[in-house]
Amino acid sequence: MGFISFVGRVLFASLFLLSAYQEFIEFGNDGGPAAKTLKPKFNLFVNLVSKNTGLGVPHIDIKTVIAATMFLKGFGGLLFIFSSSFGAFLLLIYLAFITPIVYDFYNYEMESVQFVQLFFKFTQNLAFIGALLFFLGMKNSIPRRRSKGRTTKTKTN
């Protein structure tokens, strides 16, 4: 059971690790293709949030955002492979932050092709979030094993 769990974690984390590696290779001086793709969606999301909440959002450099997402995916994926709750939490933060920005189906008409594609990918990321929450729930529900040095002796009459 332990080996199968490890293989599952490796396969799941490989999605994040390979993506972080690709972004790292293409990063360059301007943040690479990831920054060019994310920048208009990020600006649209920031404008939408500031318009609906009335709060001013400070300027955030897109290179910093890409670097932070690379860190969250890479470090979180590595820790997740070794069954770390902190790694799962980092991946959860990444997905919760990036999913509504990248897969902005809410900006399209329901009948459009873009809506369907973005909504499908949005729900796929929600499934990833659910898998990470399930992992964290199962990890916290398993009772801790006692060390062998702390066994209790029973009384005999």
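All figures in this text were calculated on a predicted structure; none of them were measured in a lab.
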Listed once per pair and sorted, the salt bridge (charged side-chain N to carboxylate O under 4.0 Å, His left out) pairs that draw on residues 41-69, sequence neighbours left out: Lys41-Asp104
- prompt: How many angstroms lie between CG in Leu17 and CD in Gln22, if you round to the nearest 0.5 Å?
  reply: 13.0 Å
statement: Heavy atoms of Ala96 and Ile129 approach each other most closely as N-CD1, 4.3 Å
statement: Sequence neighbours excluded, the answer for salt bridge (Lys or Arg N to Asp or Glu O under 4.0 Å) partners of Lys39 is none
Point-to-point distance, once rounded to the nearest 0.5 Å, from CD1 of Ile101 to CG of Leu38: 6.5 Å
message: Rounded at 0.5 Å granularity, tell me how far CZ in Phe128 sits from CG in Leu15.
response: 5.0 Å
query: Shortest non-hydrogen contact from Phe135 to Ala88?
result: CD2-CB, 3.7 Å
task: Mind listing the closest non-hydrogen atom pair of Ala131 and Phe12 along with its distance?
output: CB-CE1, 4.2 Å
What donor-acceptor contacts under 3.5 angstrom involve side-chain atoms of residues 112-121, with partners at least two apart or in another chain?
from   : atom 1 : to     : atom 2 : distance (Å)
Ser112 : OG     : Glu109 : O      : 2.8
Ser112 : OG     : Phe115 : N      : 3.2

Can you list, pair by pair, the side-chain donor-acceptor contacts under 3.5 Å of residues 72-85, counting residues two or more places apart and other chains?
from  : atom 1 : to     : atom 2 : distance (Å)
Lys73 : NZ     : Ser19  : OG     : 2.7
Lys73 : NZ     : Glu23  : OE1    : 3.4
Lys73 : NZ     : Glu23  : OE2    : 2.9
Ser83 : OG     : Lys139 : NZ     : 3.2
Ser84 : OG     : Phe86  : N      : 3.2
Ser84 : OG     : Gly87  : N      : 3.2

statement: CG of Leu90 to CG of Leu95, rounded to nearest 0.5 Å, is 11.0 Å
message: Assigning hydrophobic clusters by single linkage (Ile, Leu, Val, Met, Phe, Trp, Tyr; side-chain heavy-atom cutoff under 4.5 Å), is Leu18 placed with Val10?
response: no
query: Does Tyr103 share a hydrophobic cluster with Leu44, counting links as ILVMFWY side-chain heavy atoms below 4.5 Å and allowing steps through other members?
result: no
Worked check of side chain to side chain contact (heavy atoms under 4.5 Å, CB included) between Leu48 and Tyr106: CA-CA 11 Å; Leu48 185 69; Tyr106 45 84; 3.8 Å; yes
field: Minimal non-hydrogen separation, Leu55 against Ser50, with atom names
entry: O-CB, 3.1 Å
- prompt: In the hydrophobic cluster built from side-chain contacts under 4.5 Å, what are the other members alongside Met138?
  reply: Phe134
field: Distance-minimising heavy-atom pair for Arg9 and Ser5
entry: NH1-OG, 2.8 Å
- prompt: At their closest point, which heavy atom of Ile66 faces which heavy atom of Thr69, and how far apart are they?
  reply: O-OG1, 2.8 Å
query: Which pairs count as ring pair (Phe, Tyr, Trp, His ring centres under 6.0 Å) when at least one residue sits in residues 17-39, sequence neighbours excluded?
result: none
field: Rounded distance [0.5 Å steps], CZ in Phe42 versus CD1 in Ile62
entry: 5.5 Å
message: Quick one, Leu11 and Val7 - any side-chain contact, counting heavy atoms below 4.5 Å?
response: yes
